[in-house]
Amino acid sequence: MTQLLQPSSVPVSSALLEGLNPRQREAVLYRGPALLIVAGAGSGKTSVLTRRIASLLETREAWPSQILAITFTNKAAGEMRERVRHLVGHAADGMWISTFHSACVRILRREAEVFGYASGFTIYDSGDSRPLLKRIIKQHEADVMGFSVANVAAKISKLKNELVDAETFSRQVNLADPKEAMFLTMFREYSRTLQAANAFDFDDLIAQTVYLFRAFPHVAEPYRRRFRHILVDEYQDTNHAQYALIRELTKPAPAIEPASLTVVGDSDQSIYAFRGADIRNIIEFEQDYRDATVVLLEQNYRSTQTILDAANAVIANNFDRKPKNLFTAGGPGAKIVGFTGYSGHDEAQFVADEIEQLHREGTEYREIAVFYRTNAQTRALEEILIRSAVPYRILGGTKFYERAEIKDAMAYLIAVANPADALAVRRILNSPKRGIGSVTETQLANFAERNGMTFRAALRHAGEQGFGPKIAKAITGLSDLLDEATALTAPPEEGMAPVPVFDVLALLMNRSGYVDALRASKDPQDEARLENIEELLAVTKEFQRNNPDGLLIDFLTETALVAAADELDDTSGTVSLMTLHTAKGLEFKAVFLTGIEEDLLPHRMSANEPGGPAEERRLFYVGITRARERLYLSLAMTRNSYGETSVSAPSRFLAEVPAELIEWKQSPGMAGPGGGSRVAGSLAWGGSSSGAAGGGAAQQKPKTEWTNRVTGKVRDNGDLELAVGDRVKHDDFGEGRVQGITGTAAKRIAEVQFDSAGRKRLLVKVAPIVKL
DNA sequence: CTATCACCACTTTTT
DNA sequence: GTGGTGATAG
C-alpha cells in the first residue's frame with residue numbers, strides 16, 4: 001500500500017478544489033484501493049471525476065498513461081478529456097478516456113492476432129447481424145418454432161453479456177428440448193460465421209476482450225501493470241461482461257498491486273437492465289471490493305427545488321432502494337406545467353407553442369429538449385414542429401448510418417478493409433445493379449466453400465465458374481475495383497501520410513457506378529440518397545482533418561461506435577428531440593416530457609418483466625432530473641399507434657408527482673370533486689375533458705376548444721403570396737390576421753394572430769392555410 | 001434477373 | 001403508416 005496515499009498527505013492545489021462542497025472534496029482527494037461515489041442526478045459528478053483525475057496528474061501520483069476512464073458515450077469522453085485538459089493542460093494527453101466499447105476495440109485491434117483474428121476486423125451493429133440471422137433462421141426453418149430475428153438476436157446478446165459463448169451454452173443446454181437444441185445450432189452458426197468473417201458484434205467487443213485476458217494472461221499483464229487508476233462512470237448501467245472486464249483489469253499482476261478503482265453511479269438512474277445492466281454491480285460494490293469507501297453526493301446544482309421535489313416524490317415509490325433525497329440551495333423556481341392533448345398532434349402543438357413562448361422570452365432553442373419513451377412518437381412531434389417553424393434535431397432514431405445507401409457505401413469500405421467479411425462483399429455484389437442475382441451469389445458462395453477460399457477470393461475466379469460472359473465481366477470488374485482500392489490503402493511508407501479515406505471512398509463510389517446509377521434514376525428519393533452519399537464523403541473529409549494519420553480502419557471504428565448522444569452539437573441553435581434513454585447524462589434549461597401515459601410510460605412491454613415498472617419509473621425520474629429551470633409534462637387522450645387510433649390513460653406516475661407542483665394548462669379530466677386520486681388506478685379518462693387538478697383555478701374550456709388538433713395531410717403552399725395584414729383561414733386554428741413575414745422561399749414563416757387560437761408561427765409552405 | 005403489387009407484422013428502450 | 005417478403009409477370 002506504499003503509493004496509495006491517504007487524503008491529507010497529498011498537496012493538491014486549491015484551484016482544483018475551488019467551489020466544491022465537503023463531500024465532493026472528499027471524493028476528489030480520497031486515495032485507496034476502491035472508491036464508490038454515489039452521485040445523485042445533477043450533483044456535479046463530472047466535475048468531481050475530472051478534478052480527481054486532474055489531482056492525480058498534478059501531484060504526480062500518476063502519469064497520464066496510467067489512467068483509464070470509462071464513460072457511457074464518446075461525447076462524454078470527449079468532454080471529460082477537454083475538462084481535464086483545461087485543468088492540467090497537456091499533461092492530459094495519453095490518458096485513455098473512452099467508452100467500454102472503444103477501449104475494447106483498441107485492445108482487440110492490438111491483440112487480435114493472438115487468438116486468430118486479424119487487426120482489421122469489422123464491427124457489426126444489430127443492423128449488420130440481422131441479415132445473417134435471417135439467413136440462418138430460414139436455412140433451419142426455425143421460424144416455425146417461433147424464432148424470429150429479433151428474439152434470437154436478443155437471446156444471443158443476453159448470453160454474451162453474461163459471458164456465455166456458444167460452447168459454454170452447449171454444456172448447460174437441455175438438448176432434449178428441440179427448441180433449445182435449435183437455438184444452440186443457430187448460436188453456433190452465428191458465432192462461426194462472425195469468426196470466419198473476422199468480425200465482432202457489439203457484445204463480442206467486451207466479451208472477447210474478457211476472454212482474451214482470461215485465456216492469455218501474458219496479454220492481460222501489460223494492461224494490468226499500466227492502468228494504475230481506473231475510473232468508471234455510470235457504473236449502475238454496467239453489465240456482467242463489463243463488470244468482469246473491470247475485475248480483470250484490477251487483478252494484481254506479478255509484483256504489482258491492484259489498480260485503484262473509482263466508480264460513479266446512481267442506482268436510481270439504472271435504465272439499461274434490458275441490455276443486461278445489473279444493478280447489483282453497484283449495490284454490491286462494497287462486498288466486491290473490500291476496503292471500499294463510499295461517498296454520497298446529494299446536493300444538486302442543476303435543478304430548481306420544484307423539479308427536485310417532483311423527482312424525489314416519484315422515485316420514493318421504488319421500494320427496494322437506499323433512501324436518497326436531492327436538495328438544492330437554489331429557490332423553488334417555476335411550477336411544472338401540465339398539458340393533456342386530445343391527440344398526439346394536439347400534444348405536439350402544445351409543445352411547439354410553449355417552445356415558441358420560451359424562445360420569445362429569451363431561452364435559446366438549444367437549451368430546450370423534448371423527450372419521449374419510444375421513437376415512434378417523433379412522427380407527430382416532427383410534423384408539428386416543422387409546420388410551426390421550430391428548428392429541431394432528432395438524436396438517435398433512424399440514424400444516418402442505418403440508411404441503405406450509407407450501409408452500401410460503408411460495405412464497400414469494409415470489403416476493402418476486411419476482405420474476409422463475406423457479408424459486406426455480398427451486400428455490394430449487386431448494388432448498383434449488375435445483373436447478379438441470388439442464384440449467382442449462391443454459386444459464388446458454394447465455389448468459395450468447395451475451394452476453401454473466402455467469398456471475396458471467389459470473385460477473382462469468376463471466369464472458372466461457368467457464368468455467362470456478361471455476369472463474369474461484372475464480377476471481375478467489381479473484384480478489380482476492390483483490388484485497386486486495397487492497393488491504395490496499403491500501409492504508407494515511413495513518414496508518409498496515408499491515402500485519405502475520402503479518396504478511397506470516392507474511387508469506389510465513382511468507379512462502381514453507384515453514384516451514376518443514382519444520378520440516372522428517375523426515383524425522386526434517389527436524389528436524397530445521392531446527397532447522403534455526398535454527406536458521407538464530407539464526413540470522411542472531416543475525419544481526415546481531425547485525424548491526419550487516420551487509416552481506413554480507424555474511420556470504420558469511429559463510425560461503428562457512434563452513439564445517439566454523440567451527435568449532440570452544442571452550438572446548433574435547435575431544439576433536441578430524443579428518447580428518455582438517450583437523455584441520460586444530459587441537461588437542458590427547459591425539458592418537455594411527452595406521452596406520460598399508461599402503456600407508454602410505463603411501457604406496455606415492461607409490465608411482465610420483473611423489475612420492469614420500477615425501471616420505467618427510474619426512466620421517468622431520469623427525464624425529470626434533466627431539467628434545470630422549466631419542466632413540462634404532457635400526454636394525449638388518444639394516440640395513433642400504427643394506422644389505428646386508440647384511447648390512452650394518464651400514467652400512474654403522474655399521480656406520484658405532488659399535485660401542488662403542477663399547474664395544468666389542460667388537465668386529464670381527473671379534477672372536479674374527488675380530486676386527483678382517481679388517476680392512479682383508472683383505466684379510462686374521467687368524464688370531463690376540462691378543468692384543472694390540484695385545486696387550482698379551473699379554467700373551464702368547452703369541448704370545442706380541442707380545435708388545435710392537426711391533421712397529417714402533406715401540402716405545398718410554396719407559391720402562396722402573403723403580406724402583413726392579410727386574413728387567412730387555418731384548418732385547425734380558424735381565421736386570423738398575418739402579423740409578419742420572415743424568411744424566404746421554402747423557409748418563409750408567417751406570424752399569425754388567430755381570432756381564437758392565439759398567436760402562432762407557421763411555415764407557409766406546409767401550413768394548412770388559405771388566404772381569404 | 002428485375003419490377004410490381006399485395007399482404008403481413010410490427011414498435012420499447014441502445015452501446 | 002411502413003417496410004419487408006413472396007408471388008407473378010415480363
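Being a predicted model, the structure only gives us computed values, none of them experimental. In what follows, chains are A, B, ... by sequence order, proteins preceding strands, each numbered from 1.
- One distance of note links CD of Gln208(A) with CD1 of Ile206(A); it measures 11.0 Å at 0.5 Å rounding.
- The distance from atom CZ of Phe274(A) to atom P of dT12(B) is 12 Å, rounded to the nearest whole Å.
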### Query
So Phe213(A) and Tyr211(A), ring-ring contact (aromatic ring centres under 6.0 Å, His included) or not? Walk me through it.
CA-CA 5 Å; Phe213(A) 281 174; Tyr211(A) 165 77; over 10 Å; no
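- Of the candidate nucleotides dT14(B), dT13(B), dT2(B), dT14(B) has the atom nearest to the side chain of Thr582(A).
- Side-chain contact annotation: Glu234(A) with Gln236(A), donor-acceptor N/O pair under 3.5 Å present.
- Comparing Arg434(A) and Arg379(A) along DNA chain B, the residue whose closest nucleotide (by nearest heavy atom) sits nearer the 5' end is Arg434(A).
- Across dG6(C), dT14(B), dT12(B), the shortest atom-to-atom separation from the side chain of Lys138(A) is found for dG6(C).
- If you find the closest nucleotide of DNA chain B to Thr579(A) and to Asn430(A), the one lying nearer the 5' end belongs to Asn430(A).
- Distance from the side chain of Glu616(A) is smallest to dT12(B) among dT12(B), dA3(B), dT14(B).
- The listed nucleotides are dT13(B), dT11(B), dG6(C); the one nearest the side chain of His581(A) is dT13(B).
- The interatomic distance linking His101(A) (NE2) with dT14(B) (C1') rounds to 9 Å, in whole Å.
- For the pair Lys473(A) and Phe467(A), the NZ or CZ position fails the cation-pi test of under 6.0 Å to the six-membered ring centre and within 45 degrees of the ring normal.
- Lacking a ring centre under 5.5 Å from that of the base six-membered ring together with a plane angle below 30°, Phe72(A) does not count as stacked on dT15(B).
- For Thr374(A), taking side-chain heavy atoms from C-beta onward, the closest of the listed nucleotides dC1(B), dT13(B), dT5(C) is dT13(B).
- The side chain of Val439(A) approaches dC1(B) more closely than any other nucleotide in the set dT12(B), dC1(B), dG6(C).
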